[in-house]
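Have a look at the structure below before the remarks.
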Amino acid sequence: MTDLAGRVALVTGASRGIGRAIALALGEAGAAVAVNYVERAADAEAVAGAIRQAGHAALAVKADVSRSADVTDMVHKVEAALGPIDILVNNAGIGIMRGLDDLTEADFDRTIAVNLKSAFLCTQAVLPGMRARSFGRIVNISSGAARGAGMVGAHYNASKAGMEGLTRGYAARLAKEGITVNNVAPSLIDTDMIGARRAEVAARIPVGRLGTSEEVAQATLMVIGNAYMTGQTVQTNGGLHFN
Ligand code: NAP
C-alpha cells in the first residue's frame, strides 16, 4: 500500500458511500484526512472519529461544495487544522433520476453545480498550495455515465462527461509541476445512490454483483500512488463496458 504519512487529504462527500471508503483508506495509508459533508454531520464525525482512532488526524468539515464561499471556508479550516492539502478527491455528487419529460432546468443546474462546478471550485482552491510545493494528487470520481447512457439521466451524463474534460484540462497544464489529475469512474456501486434497485441493477453487471465502495477506494489509492499516470480514467465497473 502507498505510504501517505505526512500527507493531508480532503475528500468531498465523505460522510457515506464511496467518499467514506476513500477517506478511511487514505487514513489507513497514513494521511491526515478532512471528511467533507453537507448535511449528515454525525456520519461525517463518525468517519473522522474512526480515522483518529486508527492514529491519524482527521476533521469533519461542512460545506456545500457547489458554493464558492463554502469551498473557500472549508479549505481554510482544513489547512488551519491539518496543514496544506496534498490530495484532493472530488467525490461529492448527486444523481437525481429524471426522464426526458420530467427533467427541469433546476435539476440540470443543480446537478452541474454539485457534480461538476464543485470539482472546479475545490481544485482552484487547493492548486496554489500544491503548485507552491510542486506536489499534488487530484482524483475526480466521475462515472461510467460520462461515456455510457446509464440510468440517471442526460443531466447526470453531462455533469460526469464534463468532469472528465476538466480532468484532461488540468492534467495537461499541471504535468510539469508534480501534480497529477485523474478520474476514477465507478459504475453501479452499492451505496445510497443505488437506492432500492439493487437486485435489478446487479443483474445487469457481468461480474454478477454491485461493486463495493472499498473497491472504488482501492482504485483511488492506486491512482494516488502513481506519479506517472495523469489525465486518465480508471473504470471500476464489473466489466460493464471496456472504454
Ligand atoms: P451517496 O452515497 O449518495 O453519498 C453522497 C455524498 O456526497 C454524501 O457524503 C453527501 O453528503 C455528499 N454530498 C452531496 N451533495 C453535496 C454537496 N453539495 N456538498 C458536499 N457534499 C455533498 O453517493 P455515492 O454513491 O457514494 O457517490 C459518490 C460519487 O460517486 C458521486 O459523485 C457519484 O456520482 C459517483 N458515482 C456513484 C456510483 C454508484 O453506483 N453509487 C456510480 C458512478 C458514480 P451528506 O451525507 O452530508 O448528504
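Both ligands and their constituent atoms are indexed starting at 1 by order of listing. The figures that follow rest on heavy atoms only: side chains count, while hydrogens, waters and symmetry mates do not.
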**Asked** Quick one: nearest non-hydrogen protein atom to atom 38 (C) of ligand 1, plus distance?
**Response** Ile18 CD1, 4.2 Å
**Request:** Please work out whether any backbone atom (N, CA, C, O) or any side-chain heavy atom from C-beta onward of Asn36 is under 4.0 Å from ligand 1, and answer side chain, backbone, both or neither.
**Result:** side chain
**Request:** Under 4.0 Å, heavy atoms only, figure out whether ligand 1 is touched by the backbone of Ala63, its side chain, both or neither.
**Result:** backbone
**Close approach of Thr12 to ligand 1, heavy atoms, under 4.0 angstrom** = no
**Request:** Find the distance between CE (Met130) and OG1 (Thr123) and round it off to the nearest 0.5 Å.
**Result:** 8.0 Å
**Request:** Among all protein heavy atoms, pick out the one at the shortest distance from atom 43 (C) of ligand 1; state its residue, atom name and that distance to 0.1 Å.
**Result:** Pro186 O, 3.0 Å
**Message:** Heavy atoms only: which of Val47, Ile141, Val65, Ile22 lies closest to atom 30 (O) of ligand 1?
**Reply:** Ile141
**Request:** Indicate yes or no: does an N/O atom of Ile189 lie under 3.5 Å from an N/O atom of ligand 1?
**Result:** yes
**Shortest protein contact, atom 23 (O) of ligand 1 (heavy atom only)** = Met193 CE, 3.7 Å
**Fill in**
Applying salt bridge (charged side-chain N to carboxylate O under 4.0 Å, His left out) to Asp73 and not counting sequence neighbours gives Lys77
**Prompt:** Which residue from Glu39, Lys117, Arg20 reaches closest to atom 47 (O) of ligand 1 through any of its heavy atoms?
**Reply:** Glu39
**Message:** Does this structure show an ion pair linking Glu164 with Arg147, if we count only N-O contacts that are shorter than 4.0 Å?
**Reply:** yes
**Message:** Quick check on side-chain hydrogen bond (donor to acceptor under 3.5 Å, both in side chains): which of Ser159, Ser143, Ser66, Ser142 does Asn115 satisfy it with?
**Reply:** Ser159
**Under 3.5 Å donor-acceptor, Arg40 side chain and Tyr37 backbone** = no
**Request:** Answer yes or no: does atom CZ of Arg173 have more than 12 heavy-atom neighbours from other residues, nucleotides or ligands under 6.0 Å?
**Result:** no
**Request:** Say whether Gly95 and ligand 1 are in contact under the criterion: heavy-atom distance to a ligand atom below 4.0 Å.
**Result:** no
**Asked** Considering Ala14, Ser213, Gly93, which one's heavy-atom position lies nearest to atom 5 (C) of ligand 1?
**Response** Gly93
**Sub-4.0 Å atoms of ligand 1 with respect to non-hydrogen atoms of Gly17** = 2 (O), 26 (O)
**Message:** Which residue and atom name correspond to the protein heavy atom nearest atom 32 (O) of ligand 1, and how close is it?
**Reply:** Asn91 O, 2.7 Å
**Asked** How far is atom 34 (O) of ligand 1 from its nearest protein heavy atom, and which residue and atom name does that atom have?
**Response** Tyr156 OH, 2.7 Å
**Cluster check Val89, Leu4: I/L/V/M/F/W/Y, side chain < 4.5 angstrom** = yes
**Presence of salt bridge, Arg209 and Glu215, under 4.0 angstrom** = yes
Would you tabulate the side-chain donor-acceptor contacts of residues 179-193 under 3.5 Å, counting partners in other chains and residues two or more places apart, or write 'none'?
residue, atom, partner, partner atom, Å
Asn182, OD1, Gly231, N, 3.2
Asn182, OD1, Gln232, N, 2.9
Asn182, ND2, Met229, O, 2.9
Asn183, OD1, Thr167, OG1, 2.8
Asn183, ND2, Thr233, OG1, 2.9
Asp190, OD1, Arg198, NE, 2.4
Asp190, OD1, Arg198, NH2, 3.0
Thr191, OG1, Met193, N, 3.1
Asp192, OD2, Arg16, NH1, 2.9

**Request:** Tell me whether the guanidinium CZ or amine NZ of Arg7 lies under 6.0 angstrom from the six-membered ring centre of Phe135 and within 45° of its axis.
**Result:** yes
**Item:** Val114-ligand 1 polar pair, N/O distance under 3.5 Å
**Value:** no
**Message:** Can you tell me which portion of Thr191 lies within the under-4.0 Å heavy-atom range of ligand 1? Options are side chain, backbone, both, or neither.
**Reply:** side chain
**Asked** Can you check whether Tyr37 has an N/O within less than 3.5 Å of an N/O in ligand 1?
**Response** no
**Asked** Side chain, backbone, both or neither: which part of Ser142 has a heavy atom under 4.0 Å from ligand 1?
**Response** backbone
**Message:** Does any N or O of ligand 1 fall below 3.5 Å from an N or O anywhere on Arg40, backbone included?
**Reply:** yes
**Message:** Please determine whether any non-hydrogen atom of Asp64 lies less than 4.0 Å from an atom of ligand 1.
**Reply:** yes
**Request:** Please confirm whether Gly13 comes within less than 3.5 Å of ligand 1 when only nitrogen or oxygen atoms on both sides are compared.
**Result:** yes
**Prompt:** Mind checking whether Ile94 has an N or O less than 3.5 Å away from an N or O of ligand 1?
**Reply:** no
**Request:** Between Ile194 and ligand 1, find which residue part has any heavy-atom pair under 4.0 Å and reply side chain, backbone, both or neither.
**Result:** side chain
**Prompt:** If you draw a 6.0 Å radius around CZ in Arg137, do more than 12 non-hydrogen atoms from other residues or ligands fall strictly inside?
**Reply:** yes
**Request:** Please answer whether the main-chain N or O of Ile85 pairs with a side-chain N or O of Arg133 as donor and acceptor at a distance below 3.5 Å.
**Result:** yes
**Request:** Just need the protein heavy atom nearest to atom 16 (C) of ligand 1, so name the residue and atom and give the distance.
**Result:** Val38 CG1, 3.6 Å
**Prompt:** Which residue holds the protein heavy atom closest to atom 10 (C) of ligand 1, what is that atom called, and what is the gap in Å?
**Reply:** Arg16 NH2, 3.9 Å
**Request:** Answer yes or no: is there a donor N or O on one side and an acceptor on the other, between the side chain of Asp102 and the main chain of Gly99, under 3.5 Å?
**Result:** yes
**Message:** So for ligand 1, is Ser15 a polar contact partner (N or O within less than 3.5 Å, distance only)?
**Reply:** yes
**Prompt:** Is Val33 close to His56 at the side-chain level, that is, under 4.5 Å between some pair of heavy atoms?
**Reply:** no
**Asked** Picking from Leu166, Asn140, Thr111, what satisfies side chain to side chain contact (heavy atoms under 4.5 Å, CB included) with Leu116?
**Response** Leu166
**Nitrogen or oxygen of Ser66 less than 3.5 angstrom from that of ligand 1** = no
**Message:** Would Lys160 count as a contact residue for ligand 1, given that I'm defining contact as a non-hydrogen atom of the residue lying under 4.0 Å from a ligand atom?
**Reply:** yes
**Message:** Tell me the closest heavy-atom pair linking Ile22 and Thr220, and the distance in Å.
**Reply:** CD1-OG1, 3.7 Å
